[in-house]
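Worksheet: the structure to be examined is printed underneath.
The model shown is predicted, which means the values in this text are computed figures rather than measured ones. Labels below follow one simple rule: chain letters A, B, ... track the order of the sequence lines, proteins then strands, and each chain is numbered from 1.
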Amino acid sequence: MEYHQISDEQLVKQYVQGDESALELLIRRHQQRVFGAIYMFVRDRYVAEDLFQDTFMKAIRKLKTGAYQEEGKFLPWLLRIAHNRCIDYYRKTRRTPAIVTADGYDVFELLNLKGPAADRDLMISQSQRAVRQLVERLPAEQREVVILRIWGELSFKEIAKLTGVSINTALGRMRYALINLRKMKKQLKLSL
Amino acid sequence: MDPSYTRNDLIRYLFQEMTAEEACQFRRWLQQHPGASEELQQLQQTLADLRRVPEGPSETSVQLILAFSRQAALEHA
């Protein structure tokens with residue numbers, strides 16, 4: 001059987017039964033979506049790498065202890081773990097005491113503003129960077145839907161369940177996000 | 001918009017979350033409503049821009065996960 005014909009569930013089953021190569025296939029199959037979703041959330045390549053590893057390690061622990069029960073829904077399950085890791089990350093960083101400069105600026109905020117220009121951006125093209133920066137400017141609830149739908153490839157029904165809103169709210173947030181992105185692109189005169 | 005459709009239906013159509021029958025009816029409806037059709041085109045263009053952002057983890061991350069898994073397998077054995 002060809003690799004692409006093997007379902008996630010079959011690979012999960014093989015992995016749980018001790019076939020370590022099945023895990024590599026699962027990672028390769030979903031790494032782009034999971035990493036992309038995390039990256040767009042945290043906006044820092046190094047943090048995203050950590051959270052990506054953390055997500056799979058958490059998934060591995062659950063799989064190996066038989067805690068995975070979601071037949072046929074491996075990717076949404078994985079993305080839920082990733083989403084929770086991102087939320088934990090934000091909670092932890094918010095709890096970090098703010099270091100304020102003599103001018104009254106929060107040092108962590110200053111670092112975050114400087115972040116996108118740092119060396120992590122060398123790896124992506126100008127136009128990709130422009131798109132990512134536009135997404136970063138969206139209100140959090142719109143950004144969340146964009147990330148989960150476009151990079152996470154979750155359905156609006158799954159997003160609604162994950163974020164605790166109605167399907168119509170999730171659809172509306174996506175619509176406003178796309179309209180806002182278009183407006184920003186015009187305002188900034190970007191050609192993507 | 002026609003009262004039979006909401007703007008959220010444009011998003012459902014755009015992301016192919018309508019049934020084949022619904023999508024077919026919606027396409028017919030769009031042909032008769034150029035305003036909605038133009039709005040859909042703008043949404044499609046923005047979506048195409050967004051889909052240009054490929055991101056992937058480093059190979060080191062993947063190898064660390066695989067090493068973690070092998071270690072966990074030894075501990076569970």
*A:Glu49-B:Ser58 side chain donor-acceptor pair, cut-off 3.5 Å*: yes
*In terms of side-chain heavy atoms, does A:Tyr15 have a donor or acceptor partner in A:Ser21 at a distance below 3.5 Å?*
no
_So for B:Glu59, is it side chain, backbone, both, or neither that comes closer than 4.5 Å to the heavy atoms of chain A?_
side chain
*Of the backbone (N, CA, C, O) and the side chain (C-beta and beyond), which part of B:Gln16 lies under 4.5 Å from a heavy atom of chain A, both, or neither?*
neither
_Engaged part of A:Val146 at the chain B interface, taking heavy atoms whose separation is under 4.5 Å_ = side chain
*Residues in side-chain contact (heavy atoms from CB on, under 4.5 Å) contact with A:Lys157, at least two apart in sequence or another chain*: A:Ser155, A:Ile167
*How long is the span from the CG atom in A:Leu23 to the CZ atom in A:Arg28, to the nearest 0.5 Å?*
10.0 Å
